[in-house]
Amino acid sequence: MKSLTYSLLLLLALSAAGCQEYLDEKPTLSLLVPETVADLEKLLDATTRGLNETPSILELGTDNIYTTDAGYSGMSLVERSAYTWQENVYESNAVDWDTPYQQILYANVVLDEADKLSIGSQEEQNHLNEVQGRALWMRAQAYAQLMNSFAAPFEPGGSNSSPGVPLHTSPEVKVKVTRATVGENYAQIIEDLELALDLLPDHSQYKTRASRHSTHALLARVYLAMEEYGLAGAHAETALGFDNALMDYNGLDSDVRYPFPLFNAEVIHHLEMSRYGYLTSGLTFVDSTLVNQFGENDLRKELLFTPTGQGVNFDGNYSGSRVRFSGLANNEMYLIAAECAAREGDVDKSLTFLNTLLETRWQAGTFVPFEAPDAESALKLILEERRKELIFRGTRWSDLRRLNRDPRFAKPIQRNVEGESITLEANSSNYLLPIPPLEIQISGIAQNPRQ
């Protein structure tokens with residue numbers, strides 16, 4: 001049985017192509033099949049179709065956020081359900097499911113059509129290689145987001161035979177939809193990214209397009225979620241070898257609402273969270289205990305946050321606007337490299353990465369390098385700074401999932417909503433989002449068990 005979502009998206013890809021200019025050039029459906037490398041490139045550049053978006057509902061379930069009863073009542077039903085970890089989150093379909101699969105569909109269309117093109121020169125072949133690499137990167141990134149949302153965490157050394165998500169590697173829709181295993185999904189993600197490394201240029205002209213640099217960065221993030229720390233650290237260090245620039249926060253203006261420029265020096269690949277209303281609500285606040293962890297002379301406290309009469313709002317997006325940045329950036333690579341070095345017992349190396357980053361966040365002349373007596377102390381320190389540095393980046397849910405499996409870092413989360421106390425226990429089955437009901441109805445795939 002074919003998925004309705006996937007079928008509709010194929011029609012969308014071929015009939016809209018994400019670009020009005022493309023529509024004008026190819027006005028009839030019979031002419032909408034891509035014929036050149038440039039046509040395929042336009043499909044991948046269709047950012048108005050959500051091709052640079054990532055799911056954002058997960059952030060609402062983390063310990064970084066709280067809201068008032070008034071804020072809760074103003075949320076949509078989906079948002080309220082996610083905030084309180086309800087058994088049923090979605091009413092029918094869901095952007096958190098649909099958007100990644102739309103990206104996968106666009107990628108599959110590009111990869112399928114690329115094999116049919118006649119290439120006349122080496123320059124055109126190089127262009128095609130880059131387009132294919134970008135499609136592989138997009139597909140891998142989308143599957144990584146889906147796995148973080150709708151599948152159990154990867155278990156290093158385990159069978160990883162639990163249900164993952166439906167695995168599409170072709171635009172063909174007349175294929176029975178089944179859920180691959182967690183192991184099969186992650187194997188596909190890694191395979192796509194390894195192939196992309198051989199096709200992409202070192203750097204891209206635009207930070208919305210994939211490169212070898214961003215591929216190593218994405219591999220670092222994926223391997224971290226998989227708890228393959230040696231590989232995560234290696235790819236993070238390789239990414240930093242391409243570019244390790246950090247912004248000096250002393251040069252930013254804390255008086256402006258959004259002090260971090262779009263496509264700033266730290267950004268490797270620009271992605272944005274999907275537009276749920278809670279992200280821009282004035283009643284969505286940063287957890288007060290987290291805010292209080294930012295010490296004296298730490299410039300992040302002024303640059304990231306805006307105090308209000310009821311709480312503290314977050315305005316530290318690496319987008320130059322209210323749009324939440326969820327892409328890859330150098331500061332994340334420093335933190336992955338630091339964490340993985342600490343896990344391998346290299347305290348000096350881990351603290352070098354951490355202190356190099358944090359020195360750029362402190363008021364000039366006040367930073368005292370952090371020290372740790374042993375690897376475990378260094379790891380705890382790095383994980384604390386990771387949460388502070390990457391707040392509202394879309395990484396906290398994944399971090400909670402993997403860290404909860406370690407008794408040293410397992411953490412229940414509690415909400416007080418309209419007089420009721422609600423708790424998300426560490427390793428709860430509610431760390432898996434339910435498959436949207438419409439997808440269950442159309443494709444017949446099995447639902448995720450939730451408490």
Side-chain angles (χ1 to χ4, degrees), residues 2-3 5-19 21-23 25-26 28-47 49-52 100-144 146 165-178 180 184-202 204-206 208-212 214-215 218-219 222 269:
K2 62 185 179 182
S3 162
T5 297
Y6 206 64
S7 302
L8 291 177
L9 289 177
L10 180 61
L11 179 60
L12 176 64
L14 293 178
S15 63
C19 176
E21 179 184 355
Y22 194 40
L23 287 173
E25 291 173 356
K26 298 178 180 297
T28 66
L29 186 60
S30 62
L31 296 177
L32 284 172
V33 176
E35 298 172 350
T36 68
V37 179
D39 288 343
L40 298 180
E41 187 170 61
K42 288 176 183 178
L43 283 173
L44 296 178
D45 285 336
T47 55
R49 296 292 181 191
L51 298 191
N52 66 337
Y101 272 112
Q102 176 171 309
Q103 295 163 357
I104 290 164
L105 177 58
Y106 272 69
N108 286 340
V109 168
V110 168
L111 292 169
D112 187 65
E113 294 298 326
D115 290 336
K116 303 173 185 176
L117 296 182
S118 298
I119 303 302
S121 67
Q122 186 60 50
E123 181 180 3
E124 191 175 10
Q125 181 64 57
N126 293 341
H127 190 190
L128 179 62
N129 288 348
E130 180 176 357
V131 167
Q132 289 175 304
R134 289 180 58 199
L136 289 164
W137 193 98
M138 178 186 290
R139 186 168 71 183
Q141 195 279 142
Y143 272 122
L146 287 165
V165 298
L167 187 58
H168 293 276
T169 57
S170 165
E172 174 58 54
V173 298
K174 295 180 180 179
V175 176
K176 180 178 174 59
V177 174
T178 60
E184 289 167 342
N185 280 127
Y186 274 108
Q188 185 65 55
I189 291 168
I190 298 304
E191 179 182 338
D192 282 353
L193 292 176
E194 293 289 351
L195 289 171
L197 284 175
D198 292 332
L199 297 168
L200 291 167
D202 287 350
S204 174
Q205 182 180 0
Y206 305 104
T208 53
R209 292 180 175 179
S211 63
R212 291 185 69 226
S214 67
T215 304
L218 183 54
L219 279 163
V222 169
H269 191 104

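When a residue number appears, it is its place in the shown sequence, counting from 1.
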After noting the C-alpha distance and the side-chain angles of Thr169 and Leu111, does the key distance pass the side-chain contact (heavy atoms from CB on, under 4.5 Å) rule?
CA-CA 9 Å; Thr169 57; Leu111 292 169; over 6 Å; no
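- Looking at residues two or more places apart in sequence or on another chain, you find no ring pair (Phe, Tyr, Trp, His ring centres under 6.0 Å) involving Tyr143.
- With sequence neighbours excluded, the residues that form a side-chain contact (heavy atoms from CB on, under 4.5 Å) with Thr36 are Ala38, Asp39.
- Asp112 is linked by a side-chain contact (heavy atoms from CB on, under 4.5 Å) to Lys116, Pro171, counting only residues two or more places apart in sequence or in another chain.
- Not counting sequence neighbours, Asp115 has no partner by the salt bridge (charged side-chain N to carboxylate O under 4.0 Å, His left out) test.
- With sequence neighbours left out, the side chain to side chain donor-acceptor pair (under 3.5 Å) criterion links Asn126 to Gln122.
- For the salt bridge (charged side-chain N to carboxylate O under 4.0 Å, His left out) test, residues two or more places apart in sequence or in another chain that qualify with Arg209 are Glu41, Asp45.
- By the 4.5 Å heavy-atom criterion applied to side chains, Gln141 and Leu193 are not counted as neighbours.
- With hydrogens and angles ignored, the 3.5 Å screen pairs no side-chain donor or acceptor of Tyr101 with any backbone N or O of Leu146.
- In plain terms, the two heavy atoms of Gly133 and Ala196 that are nearest each other are O-CB, 3.7 Å.
- You'll find the side chain of Leu44 stays beyond 4.5 Å of the side chain of Leu51, heavy atoms only.
- Applying the side-chain contact (heavy atoms from CB on, under 4.5 Å) criterion to Leu195, with sequence neighbours excluded, gives Leu136, Glu191.
- Taking each heavy atom of Glu130 and Pro201 in turn, the nearest pair found is CG-CD, 3.8 Å.
- Proximity of Leu105 to His168: side-chain heavy atoms (C-beta onward) are nowhere separated by under 4.5 Å.
- Pairs passing the ring pair (Phe, Tyr, Trp, His ring centres under 6.0 Å) check and including a residue from residues 107-140, sequence neighbours excluded, read Trp137-His269.
- Annotation: the span from Thr215 atom OG1 to Leu200 atom CG amounts to 4.5 Å, rounded to 0.5 Å.
- Side-chain contact between Leu218 and Ile189: absent, with no pair of heavy atoms (C-beta onward) separated by less than 4.5 Å.
- Not counting sequence neighbours, the partners of Arg139 by the side chain to side chain donor-acceptor pair (under 3.5 Å) test are Asn108, Asp192.
- One N or O on the side chain of Arg212 and one on the backbone of Leu197 form a donor-acceptor pair closer than 3.5 Å.
- Under the side chain to side chain donor-acceptor pair (under 3.5 Å) criterion, Glu124 pairs with no residue, sequence neighbours left out.
- Residues Val110 and Gln132 form no side-chain contact, since every pair of their non-hydrogen atoms from C-beta on lies 4.5 Å or further apart.
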